[in-house]
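First up is the structure itself, then whatever we jot down about it.
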There are 2 protein chains.
Amino acid sequence: MAIHECVQLVPIFQELAEPQLDTIESIVRHHHYQAGETIFSADDPLDQLMIVSAGQVKVYQLAANGREQLLYLLQSGEIDGEAALFENQRRTSFGEALVPTDVCSIRREDFQNLMQQYPSISINVLNVFGKRLTQLERQTTSTATESVEARLANYLTETAASLNTNTFKLPLKKKDLATFLGTTPETISRKLTRFEQLGLITQKAGKVIQINDADQLLLTE
Amino acid sequence: MAIHECVQLVPIFQELAEPQLDTIESIVRHHHYQAGETIFSADDPLDQLMIVSAGQVKVYQLAANGREQLLYLLQSGEIDGEAALFENQRRTSFGEALVPTDVCSIRREDFQNLMQQYPSISINVLNVFGKRLTQLERQTTSTATESVEARLANYLTETAASLNTNTFKLPLKKKDLATFLGTTPETISRKLTRFEQLGLITQKAGKVIQINDADQLLLTE
DNA sequence: CGTCGTATTGATCTAGTTCAAGTACAGTGG
DNA sequence: CCACTGTACTTGAACTAGATCAATACGACG
């Protein structure tokens, strides 16, 4: 394992110099999870900041009727648990490793001390928060007001854009993608087939999708 | 107008002493808006923190298809605009005064200085952020996975609980409530009638609702 | 090569939207 | 104080997107 493996890749610690990163590294704890393993559950006491150093973590909630809603897909370098860094709260969501995943955590108290010492950290945390809030606002608006077809079209073009390519592998199982978009796997299947029939995309083997006409795709109502 | 009218009622400035509040007050700008007036729009440059000192502000987004989604209802003491306090961004939502409303604003630069001087402010901002994030996560989950009936039932009991009474006036027009819950005014009407027929609530004149059986209401699927 | 989880496809069903028409109601001006 | 007007709300009837249920097909992996 490389030195600073988590610490150095986390945006919230950028702008800190080597010796400071060393200090942080020394108070961090490392964990490894296998694919499918639960990292945290709703109702767990929330007293640590979690950093994904490698792998992929699915963060989801359960509704009263037991249905699952995927909220975030944390990639390496992303953090979770900020929501209650200063208050005693409990988690409201579940975290599950989708692939073998390395995670480090910092205890609340230690993190608070860090923030006192290096104010730039809190500014970075605020930024991360802000982005997440904006993203979630968009997600809320779109699940509440747009058709499944439009949401899926959006998701495909956004994913392609962020990967800078027209051909990419879906990073999620259809089941998870379905809960992310607030629908069912069956509907996803059907809509993808429909997009293909319209010539907007091409489905290749192994969850690989090629987008043929992003503009037209976005016009989907 | 009372001295410190905005500043003193904002949770993010709590723990600060009088002279500090004076300083803050001196850099704040005041505005008044009439009911129905637009306070900000999507795409506006976001360079101020906004504080609602009196009144009520509806914050909403527009989806691609033009439909409106209500995100927050800001009450006096609440703030908005934190999302981009440190980055140049543009607004993604609209703000509209629902009743005559007083607002004060602080320029980004001034606020950043404040945070440097009084670190407790940034901690308070983090907390506000965190709460909003948690609330929005719940809203996302529930619009995406629960029936309109369940969401409405939830909204009614939560509102009642937060006001500490069983009889209350809906703080929103049905039209706005509908976009908040991700549905239509017609559906709200019908569901309320249904709840009344089931004896779970009683509808009185002028948007006043009395909850008769909160427990049963929550069991609505 | 069989087995288990995942994906597709088809048929049916329903919650909620949409459109349209009518009603209550608050505010304004005479 | 009442009539007038515009907005909000309700109710009904028809329609549809998408969920659900069930059966089948696929594909990865031991």
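Throughout, a chain's letter reflects where its sequence line sits, starting with A, and its residues are numbered from 1. All figures in this text were calculated on a predicted structure; none of them were measured in a lab.
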Please enumerate all residues that pass ring-ring contact (aromatic ring centres under 6.0 Å, His included) together with Tyr33(B), with sequence neighbours excluded.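 Partners of Tyr33(B) under the ring-ring contact (aromatic ring centres under 6.0 Å, His included) test: none.
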
Taking ring-ring contact (aromatic ring centres under 6.0 Å, His included) as the definition, give me every residue that meets it alongside Phe94(B), ordered by chain and number, with sequence neighbours left out.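 For Phe94(B) the ring-ring contact (aromatic ring centres under 6.0 Å, His included) partners, ignoring immediate neighbours, are Tyr60(B).
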
Minimum heavy-atom separation for Ala144(A) to Arg67(B), with atom names?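 That closest heavy-atom pairing would be O-NH2, 4.2 Å.
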
Verify whether one side chain among [X] and [Y] offers a donor that lies under 3.5 Å from an acceptor in the other.
X: Tyr72(A); Y: Gln139(A); result: no
X: Thr145(A); Y: Asn65(B); result: no
X: Glu37(B); Y: His32(B); result: no

If you walk 5' to 3' along DNA chain D, what is the first nucleotide with an atom under 4.0 Å of a heavy atom in chain A, and what is the last?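 Using the under 4.0 Å cut-off, the span is dG18(D) to dC21(D).
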
Find out whether Gln69(A) and Glu137(B) are in side-chain contact, i.e. whether some heavy atom of one side chain is under 4.5 Å from a heavy atom of the other.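 Result no, sub-4.5 Å side-chain heavy-atom pair not found.
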
Measure the CD1-NE2 distance between Ile51(A) and His30(A) for me, rounded to the nearest 0.5 Å.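 Going from the CD1 atom of Ile51(A) to the NE2 atom of His30(A) covers 9.5 Å.
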
When rounded to the nearest 0.5 angstrom, what distance separates OH in Tyr155(A) from CD1 in Ile188(A)?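 Here the interatomic distance stands at 9.0 Å.
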
Pairs in or reaching into residues 40-52 of chain A: which pass side-chain hydrogen bond (donor to acceptor under 3.5 Å, both in side chains), with residues at least two apart or in two chains?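 Sorted result for residues 40-52 of chain A: Gln48(A)-Ser105(A).
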
Which angle, to the nearest 10 degrees, lies between the helix axes at the two ends of the helix from dC1(C)-dG30(D) to dG30(C)-dC1(D), each defined by five pairs?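 Between the first-five-pair axis and the last-five-pair axis there is 40°.
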
Tell me, for nucleotides 3-20 of chain C in 5' to 3' order, what letter each nucleotide earns: B for a base near a protein heavy atom under 4.0 Å, S for only sugar-phosphate near one, - for neither? ---SSSBBB----SBBB-

